[in-house]
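Letters go in sequence order (proteins before strands), and every chain restarts at 1.
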Amino acid sequence: MRRSKISELLISADAGYEVLVCGWIRTVRNSGSVAFLQVNDGSCLADIQVVVEGDVLSLLETTELCTGCSVKVEGAVVESLGKGQKYEIKASYVEILGTADSNDYPLQKKRHTLEFLRDIAHLRPRTNTFGAMSRVRNAAAFAIHTYFQKHGFQYIQTPMITASDAEGAGSMFRVTTLDLANVPKKGGVPDLSEDFFGKSAYLTVSGQLEAEIFAQAVSDVYTFGPTFRAENSNTSRHLAEFWMVEPEVAFCDLNGLADLAEDFLKNVFAEVIDRCPDDMAFFNQWYDKTTLSTLESIINSDFERITYSDAIAMLKRSEQAFEYPVEWGLDLQSEHERYLTETKIGKPVVVTDYPKEIKAFYMRLNEDDKTVAAMDVLVPRIGEIIGGSQREERYDVLTDRMREAGMEEAEYWWYLDLRKYGSVEHAGFGLGFERTVQFMTGMQNIRDVIPFPRTPNNAEF
RNA sequence: UCCCCAGUAGCUCAGUGGUAGAGCAAUCGGCUGUUAACCGAUCGGUCGUUGGUUCGAGUCCAACCUGGGGAGCCA
């Protein structure tokens, strides 16, 4: 008999037919002559209740029938006599595939703290929360690809190893094949010409520069891949390894980019709500009772757009007691961003045109000569979910800015070439995938929206 | 990296300088339809580690380790 996923079974359920179901037991209720098994296979949030009685039960080693064991069940789908489920399986055959010694199986049929579950990341996908997280993450990734594919973007695989040591987005992990206990040296310093790439190499902090290359050849592209930051960040919204989505659009200015960001986010949110209603309802009930209503209102309203200068003026007028000063030229702090998006405006805010001194060299210089065409998309609770800009496409302006930033032009010869040959207006942004999932689910800690989080001092599993 | 908080049974927690506790889990028994099943009994501890104060430390102090919250860096 073909195995049915519990999800298909519950969708198509009507009584009477025979099915084969495999999965893991969540809990057993046994009254001696009849036992109820809650079986879950991860295809959906819901368990299927399996009723075992008579000979089928007496043939089973009931001490092995416990939370965590895996089973194969054959039986008829019948209307349930009990409350709580419409259908159940009346078992004609039950086989225990793999036992799970209840003396030491860590998961119990009760709620565990997220902190405890992080220590057993190999088992936490078997919980409701992480099953739901896995399905939502999957649906979100699919929605992202779908959105771009529908809009004519090409998916570009940018390299994970980069030899340019100054991409400007924070400290990097070194990649080396040198023997650390015996590093070859020349003149007292490590001789990197002996290393695999013949020079220093690092894990990428962004696929942007390479994405720009393809945008200026095939127009609209996006990357979606792992990204690495070696910062010693210990917060609920930072990871050392995370997934980033980076569209890069040719013939597009900052306004067009903000339009894209808004339309993109709304579509992804709507798609996930549509595809994972049960999982989203679960997060809404147990983690943040406002998450669904917040997403719905975002989908159905326009993002607020303000300039950095407007933001500074708003913050000054607010008469809020901020810990950090509000002054034109200073970067917005978390507390300022949260005030804007949570208190003052109450929905996503796109802040644009930041002072050039606090933004990266590749962002396009505005007419005023003081600000650059940068944008941050801020959302309640998470803060910055998207950071992007229109890119500087003018060769002379770009080299001036690189010099101001004290950068080595020679290192970026290929990036500068793009401005020499057929340069065009273009823009792009980076979206933190985990921050997006975090925002959608209402999960407090980013470590709980990625299967295996990497943070300082933590690379188990 | 900085500031604050926490660490007691497998899990979640109580314990206010004087005999180590509860619920759940586990184990054994009971129960013919349960819903984190229920009922009875049993088992369960280097109180994060090291040092100090004290007649006496789970409790007070110090350092370290681990975790959490916030900040910075950013997505």
N/O contacts under 3.5 Å, protein versus nucleotides 1-4 of chain B?
unit_1: B:U1; atom_1: OP1; unit_2: A:Asn232; atom_2: ND2; d: 2.5
unit_1: B:U1; atom_1: O4; unit_2: A:Asn232; atom_2: O; d: 3.4
unit_1: B:U1; atom_1: O4; unit_2: A:Asn234; atom_2: N; d: 3.4
unit_1: B:U1; atom_1: O4; unit_2: A:Asn234; atom_2: ND2; d: 2.9

>> Nearest whole Å is fine: how far is B:C74 C1' from A:Phe429 CZ?
In response: 16 Å
>> Need one value for A:Arg111: base, sugar-phosphate or nothing, where a base atom within 4.0 Å counts as base even if backbone is also close, heavy atoms only.
In response: base
>> Side chains of A:Arg29 and A:Ser31 only: does a donor on one sit below 3.5 Å from an acceptor on the other?
In response: no
> Is the aromatic ring of A:Phe36 within stacking range of B:G33, meaning centres under 5.5 angstrom and planes under 30 degrees?
Replying inline: no
> Is A:Val326 close to A:His336 at the side-chain level, that is, under 4.5 Å between some pair of heavy atoms?
Replying inline: yes
> Of the nucleotides B:A26, B:C11, B:U35, which one has an atom closest to the side chain of A:His112?
Replying inline: B:C11
> If each of A:Lys109 and A:Gly432 is mapped to the nucleotide of RNA chain B with the nearest heavy atom, which maps nearer the 5' terminus, i.e. the 5' end?
Replying inline: A:Lys109
> Which is true for A:Leu239 with a 4.0 Å heavy-atom rule: it touches a base, it touches only sugar-phosphate, or it touches nothing?
Replying inline: base
>> What contact category does A:Ile382 fall into here, base, sugar-phosphate, or nothing, at under 4.0 angstrom with non-hydrogen atoms?
In response: nothing
> Below 3.5 Å, does any donor atom in the side chain of A:Glu88 face an acceptor in the base of B:G33, or the other way round?
Replying inline: yes
> Quick one: which of B:G69, B:U32, B:G72 gets closest to the side chain of A:Ser33?
Replying inline: B:U32
> What nucleic acid atoms does A:Gly430 come within less than 4.0 Å of, heavy atoms only: base, sugar-phosphate, or nothing?
Replying inline: sugar-phosphate
>> Taking the minimum atom-to-atom distance to the side chain of A:Ser31, which one of B:G72, B:C31, B:G67 wins?
In response: B:C31
> Any idea which of B:G33, B:A75, B:C11 is nearest the A:Gln108 side chain?
Replying inline: B:C11
> Just how far, in rounded Å, is C1' of B:A71 from CG of A:Asp331?
Replying inline: 14 Å
> Does B:U27 have a Watson-Crick or wobble partner in any strand here, with both distances under 3.5 angstrom, and which is it?
Replying inline: B:A41
> Base, sugar-phosphate, or nothing: which does A:Gln438 touch, judged by heavy atoms less than 4.0 Å apart?
Replying inline: nothing
> Starting at NZ of A:Lys83 and ending at P of B:A37, how long is that distance when rounded to a whole Å?
Replying inline: 17 Å
> Rounding to the closest angstrom, what is the interatomic distance between B:A6 and B:C43 at atom C1'?
Replying inline: 29 Å
> In whole Å, what is the span from the CD atom of A:Gln208 to the C1' atom of B:C74?
Replying inline: 14 Å
> Quick one: A:Lys110 NZ to B:A25 P, roughly how many Å, whole number?
Replying inline: 9 Å
>> Rounded to whole Å, how long is the line connecting atom CD of A:Glu460 with atom P of B:U66?
In response: 13 Å
>> Nearest to the side chain of A:Arg29, heavy atoms from C-beta on, is which of B:U27, B:A71, B:A37?
In response: B:A37
> Under 4.0 angstrom, heavy atoms only, what part of the nucleic acid is A:Tyr324 near: base, sugar-phosphate, or nothing?
Replying inline: sugar-phosphate
> If you measure from the Lys or Arg side-chain nitrogens to the Asp or Glu carboxylate oxygens, is any gap between A:Glu434 and A:Arg237 under 4.0 Å?
Replying inline: no
> Hey, does A:Asn445 reach any base, or is it just sugar-phosphate, or nothing, if we go heavy atoms under 4.0 Å?
Replying inline: sugar-phosphate
>> Do A:Tyr354 and A:Asp331 make a side-chain contact, defined as non-hydrogen atoms from C-beta onward lying under 4.5 Å apart?
In response: yes
> Roughly, in whole Å, what's the span from CD1 in A:Ile144 to C1' in B:A75?
Replying inline: 12 Å
> Is there a Watson-Crick or G-U wobble partner for B:A22 with both distances under 3.5 Å, and if so, which one is it?
Replying inline: B:U12
> So, A:Gln85 versus A:Ser80: side-chain donor-acceptor pair below 3.5 Å or not?
Replying inline: yes
>> Salt bridge check, A:Arg305 against A:Asp353: does any charged N sit closer than 4.0 Å to a carboxylate O?
In response: no
>> In the structure I gave you, are the side-chain heavy atoms of A:Asp220 and A:Phe148 within less than 4.5 Å of one another anywhere?
In response: no
> Taking the same atom, P, in B:C60 and in B:U1, what whole-Å distance lies between them?
Replying inline: 27 Å
> Is there side-chain contact between A:Asn128 and A:Trp286, with heavy atoms separated by less than 4.5 Å?
Replying inline: no
> For B:G58, which nucleotide is its Watson-Crick or G-U wobble mate, given both distances must be under 3.5 Å?
Replying inline: none
> If pairing requires Watson-Crick or G-U wobble contacts with both distances under 3.5 Å, which nucleotide is the partner of B:G67?
Replying inline: B:C5
> Separation of A:Phe282 atom CZ from B:A36 atom C1', in whole Å?
Replying inline: 13 Å
>> Categorize A:Ser236 for me: base, sugar-phosphate, or nothing, with a 4.0 angstrom heavy-atom threshold over every strand shown.
In response: sugar-phosphate
> Is the A:Tyr147 ring parallel, tilted or perpendicular to the A:His151 ring (thresholds 30°, 60°)?
Replying inline: parallel
>> Using the side-chain heavy atoms of A:Glu115, tell me which of these nucleotides is nearest: B:G67, B:U34, B:G33.
In response: B:G67
> Closest to the A:Thr27 side chain: B:A75, B:G72, B:A36?
Replying inline: B:A36
>> Under a 3.5 Å threshold, yes or no: a donor from one side chain and an acceptor from the other, between A:Glu335 and A:Tyr324?
In response: no
> With rounding to whole Å, what would you report as the distance between B:C31 and B:G7 at their C1' atoms?
Replying inline: 41 Å
> So which nucleotide does B:C47 pair with, by the Watson-Crick or G-U wobble rule with both distances under 3.5 Å?
Replying inline: none
> For atom P, what is the distance between B:A71 and B:C39, given to the nearest Å?
Replying inline: 45 Å
> Counting any heavy atom closer than 4.0 Å, what does A:Gln49 reach on the DNA or RNA strands: base, sugar-phosphate only, or nothing?
Replying inline: base
> Stepwise, does the side-chain hydrogen bond (donor to acceptor under 3.5 Å, both in side chains) test hold for A:Gln333 with A:Tyr339?
Replying inline: CA-CA 10 Å; A:Gln333 303 293 317; A:Tyr339 170 80; over 6 Å; no
> Base, sugar-phosphate, or nothing: which does A:Gln85 touch, judged by heavy atoms less than 4.0 Å apart?
Replying inline: base
>> Under 4.0 Å, counting only non-hydrogen atoms across every strand here, what does A:Phe116 touch: a base, just sugar-phosphate, or nothing?
In response: sugar-phosphate
